[in-house]
Chemist: 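Shown below is the structure under consideration.
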Amino acid sequence: MTTDRTTAASEDTKAIDVQGLRKSFGELEVLRGIDFSVARGEVVCVIGPSGSGKSTLLRCVNLLEEPSAGRVTVAGTEVTDPDVDIDLVRRRIGMVFQSFNLFPHLTALENLTIAQRRVLHRDRPEAERIARANLERVGLSDKASAYPAQLSGGQQQRVAIARALSMDPELMLFDEPTSALDPELVGDVLAVMRGLAQDGMTMLVVTHEMSFAREVADRVVFMDGGVIVEEGTPERVVGAPQHERTRTFLARVLDPAAAEVSEVADTGAAG
Amino acid sequence: MPLSKRRRARLVRGVQYGVLVVAVVVFALLADWHQLRMAFFDVEVAKALFPDIITTALVNTVLYTLLGFGFGLALGLVLALMRLSSVPPYRWIAVTYIEFFRGIPCLLVFIALGFGVPLAFEVALDMNITVMLSLGLVGAAYMAETIRAGIQAVPKGQTEAARSLGMSHGRAMVSIVIPQAFRIVLPPLTNELILLTKDSSLVYLLGLSLTQFELANFGRDALNEHKSLTPILIAGLLYLVITLPLGQLVRRLEARTAKAR
């Protein structure tokens with residue numbers, strides 16, 4: 001259903017549109033021609049082994065990385081156009097990092113208000129009202145005056161999500177949001193993200209959480225070696241992958257012990 | 001029976017203490033305590049110094065230091081930002097400036113500004129301006145390097161998060177990076193303030209009027225007047241009154257930073 005919606009979608013229903021995207025770091029080509037798009041309201045999870053270029057793809061969407069070639073369009077604005085004011089586009093894109101990147105010198109509330117005030121020029125009462133509403137949305141209304149160092153990793157990441165939401169973004173990018181968390185703290189963050197998806201937020205999520213991808217994503221993209229190997233519904237990509245590379249990756253992620261055994265068997269057969 | 005290693009170590013330490021005690025006793029017996037006291041702590045001379053040594057000298061030392069520090073800090077911040085700029089000429093200017101002023105004695109700058117500039121350009125600089133420039137120009141070179149290191153110590157993710165929220169480069173610097181950088185460099189900057197406090201004594205070169213005396217000059221003047229070392233001792237103690245609390249502050253700031261990490 002989702003695939004139909006994307007292919008049939010006209011330009012302005014696309015939240016993200018990426019065409020012929022390439023990115024090199026010196027000699028190393030990390031993205032080798034990516035074409036893909038995300039429809040408004042869609043939740044897309046990008047999976048793949050480390051070094052496959054999935055984080056770089058995400059960072060090219062809000063131009064934290066400058067693409068070497070290709071076009072990236074976000075909500076109708078081509079961000080790769082040199083004449084576009086990237087600051088104006090970025091305020092419409094929420095970004096959540098693996099390492100949270102909260103501002104340690106500011107309280108949770110100030111983390112949520114500073115960009116509202118300095119970028120959107122909201123006055124203090126309005127910014128604080130919005131900030132408190134978003135802290136409540138992530139279940140941390142009692143932590144408004146806490147500094148990041150006083151919060152657990154899971155709480156910090158939820159504050160980071162609330163910070164992005166306070167800018168009223170049209171879409172949200174998540175770069176491995178739970179990878180730096182202790183296992184017991186992952187659930188709270190995923191619950192917040194699930195809530196966002198239910199509220200209809202457009203989300204592009206780079207993740208290793210297969211259960212989250214399976215339950216929440218409209219579409220899963222599998223990347224390896226700087227290209228998209230396959231994409232489709234979670235049932236197809238995670239449940240019944242078509243490509244060998246996808247199968248190998250999933251076997252490794254879903255059951256590391258079994259993958260090791262099969263790998264030993266493989267090398268044994270080869271030798 | 002040969003001595004064990006531990007016993008021998010204890011014996012050696014005992015001998016060292018013994019030598020020290022003997023040295024102190026010999027010094028105490030031989031020293032002319034009366035003359036030492038008259039030279040270094042003559043109560044009459046000490047009394048004569050007050051209150052001027054506080055109301056004029058100490059106040060002026062603090063004033064000169066703060067003038068130099070304030071100007072140096074502002075210029076140092078500008079230089080640090082230039083040093084980190086993506087525009088190459090800015091970096092070249094900053095590097096040249098820093099290398100130059102870090103490499104020459106502050107004394108030379110005092111002479112250049114105090115005598116050279118007035119002679120060459122036929123302008124008379126106000127005393128306070130001369131002090132501010134001389135101390136600030138040199139201090140800025142050191143502080144620029146300190147601040148640059150502080151800015152670079154702020155994780156890259158902080159800038160990325162700020163830019164992702166739509167902040168411009170300048171806004172991200174002002175609201176996010178620089179406040180954190182200053183927290184990091186507070187201890188080394190306080191050290192810089194201590195160094196400037198001592199360097200402020202170089203104003204004596206400029207030829208001061210009585211109301212412009214700072215601690216070192218005041219002490220030297222009183223030394224000539226009373227033929228006693230007492231003013232020097234007291235001036236020295238008053239420097240410590242300024243610098244010791246600052247040193248204490250540095251230690252507390254460092255402890256706090258260590259805890260926050």
Side-chain angles (χ1 to χ4, degrees), chain A residues 55 58-59 61-66 74 85-106 110-122 127 147-150 156-157 159-175 180, chain B residues 73-74 76-77 80-81 84-88 91 143 146-190 249-250 252-261:
Chain A
S55 283
L58 194 80
R59 290 162 62 87
V61 172
N62 70 350
L63 236 60
L64 281 182
E65 302 293 351
E66 191 88 36
V74 176
D85 181 352
I86 188 62
D87 294 338
L88 288 177
V89 188
R90 280 190 183 134
R91 62 174 80 163
R92 294 153 61 197
I93 310 172
M95 174 94 178
V96 176
F97 298 86
Q98 180 178 351
S99 51
F100 330 136
N101 294 350
L102 287 181
F103 306 134
H105 61 304
L106 302 176
E110 288 163 347
N111 264 278
L112 270 61
T113 55
I114 188 156
Q116 291 189 63
R117 301 199 56 209
R118 301 292 178 213
V119 176
L120 302 178
H121 303 291
R122 289 175 181 158
Y147 283 91
Q150 298 167 313
Q156 288 192 47
Q157 191 61 298
V159 172
I161 294 172
R163 176 174 69 180
L165 289 174
S166 296
M167 302 296 283
D168 298 326
E170 291 168 41
L171 63 146
M172 294 272 288
L173 309 175
F174 294 84
D175 188 3
Chain B
L73 188 62
L77 178 60
L81 292 174
L84 293 170
S85 165
S86 54
V87 185
R91 291 203 300 271
M143 286 191 257
T146 306
I147 296 170
R148 176 188 62 82
I151 290 175
Q152 285 180 325
V154 177
K156 200 162 150 263
Q158 292 292 310
T159 318
E160 288 187 349
R163 299 302 304 271
S164 296
L165 289 163
M167 290 190 198
S168 64
H169 174 75
R171 172 46 69 190
M173 267 303 199
V174 169
S175 292
I176 305 300
V177 178
I178 292 178
Q180 293 183 53
F182 265 96
R183 246 153 244 235
I184 296 169
V185 301
L186 221 44
L189 276 186
T190 314
L249 183 69
V250 175
R252 280 175 60 178
L253 289 171
E254 276 171 348
R256 207 188 61 181
T257 331
K259 220 186 290 171
R261 274 181 195 153

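Keep in mind the model is a prediction, meaning the values are calculated, not measured. Protein chains get the first letters and strands the later ones, always in sequence-line order, with residue 1 at the start of each.
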Chemist: How many angstroms lie between CD in B:Q158 and NE2 in A:H105, if you round to the nearest 0.5 Å?
Modeler: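 Answer for the CD-NE2 pair, B:Q158 versus A:H105, is 7.5 Å.
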Chemist: Out of curiosity, B:S168 OG to A:I86 CD1, how far, rounded to the nearest 0.5 Å?
Modeler: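 Atom-to-atom, B:S168:OG and A:I86:CD1 are 13.0 Å apart.
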Chemist: Chain B: which of A:R92, A:R118, A:Q116, A:M95 shares the most heavy-atom pairs with it under 4.5 Å?
Modeler: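 Ranked by contacts with chain B, first place is A:R118.
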Chemist: Could you tell me which of A:V89, A:I93, A:L102 has the largest number of non-hydrogen atom pairs under 4.5 Å with chain B?
Modeler: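 Maximum pair count with chain B is reached by A:L102.
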Chemist: Work out which heavy atom in B:M167 is nearest to a heavy atom in A:D87; give both atom names and the distance.
Modeler: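 Minimum heavy-atom contact is O-OD1, 3.6 Å.
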Chemist: Check each atom of B:R171 against the heavy atoms of chain A and say whether the ones under 4.5 Å are side chain, backbone, both or neither.
Modeler: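 B:R171 touches chain A through side-chain heavy atoms alone.
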Chemist: In terms of heavy-atom proximity below 4.5 Å to chain B, should A:F97 be classed as side chain, backbone, both, or neither?
Modeler: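 For A:F97, side-chain heavy atoms alone lie under 4.5 Å from chain B.
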Chemist: Which heavy-atom pair separates B:A161 from A:F103 by the least distance, and what is that distance?
Modeler: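 Looking at all heavy atoms of both residues, the closest pair is CB-CE2, 3.9 Å.
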Chemist: Of all heavy-atom pairs between A:P104 and B:Q180, which one has the smallest distance, and what is that distance?
Modeler: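 A:P104 and B:Q180 have their closest heavy atoms at CG-OE1, 3.3 Å.
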Chemist: So, taking the atom named CD1 in B:I176 and the one named CG in A:N111, what distance separates them when rounded to the nearest 0.5 Å?
Modeler: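 The CD1 atom of B:I176 sits 7.5 Å away from the CG atom of A:N111.
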Chemist: Under a 4.5 Å heavy-atom cut-off, does chain B meet the side chain of A:R59, its backbone, both or neither?
Modeler: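 The side chain, not the backbone.
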Chemist: Which atoms of A:L173 come close to chain B, meaning under 4.5 Å heavy atom to heavy atom: side chain ones, backbone ones, both, or neither?
Modeler: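 For A:L173, there is no contact with chain B at all, as no heavy atom is under 4.5 Å.
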Chemist: For the CZ atom of A:R163 and the OG atom of B:S164, what is their distance to the nearest 0.5 Å?
Modeler: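 So the CZ of A:R163 and the OG of B:S164 are separated by 8.5 Å.
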Chemist: Between A:L64 and chain B, with a heavy-atom cut-off of 4.5 Å, which part of the residue counts as in contact: side chain, backbone, both or neither?
Modeler: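 Just its side chain gets close to chain B.
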Chemist: Shortest non-hydrogen contact from B:L165 to A:A164?
Modeler: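 It is CD2-CA, 4.5 Å.
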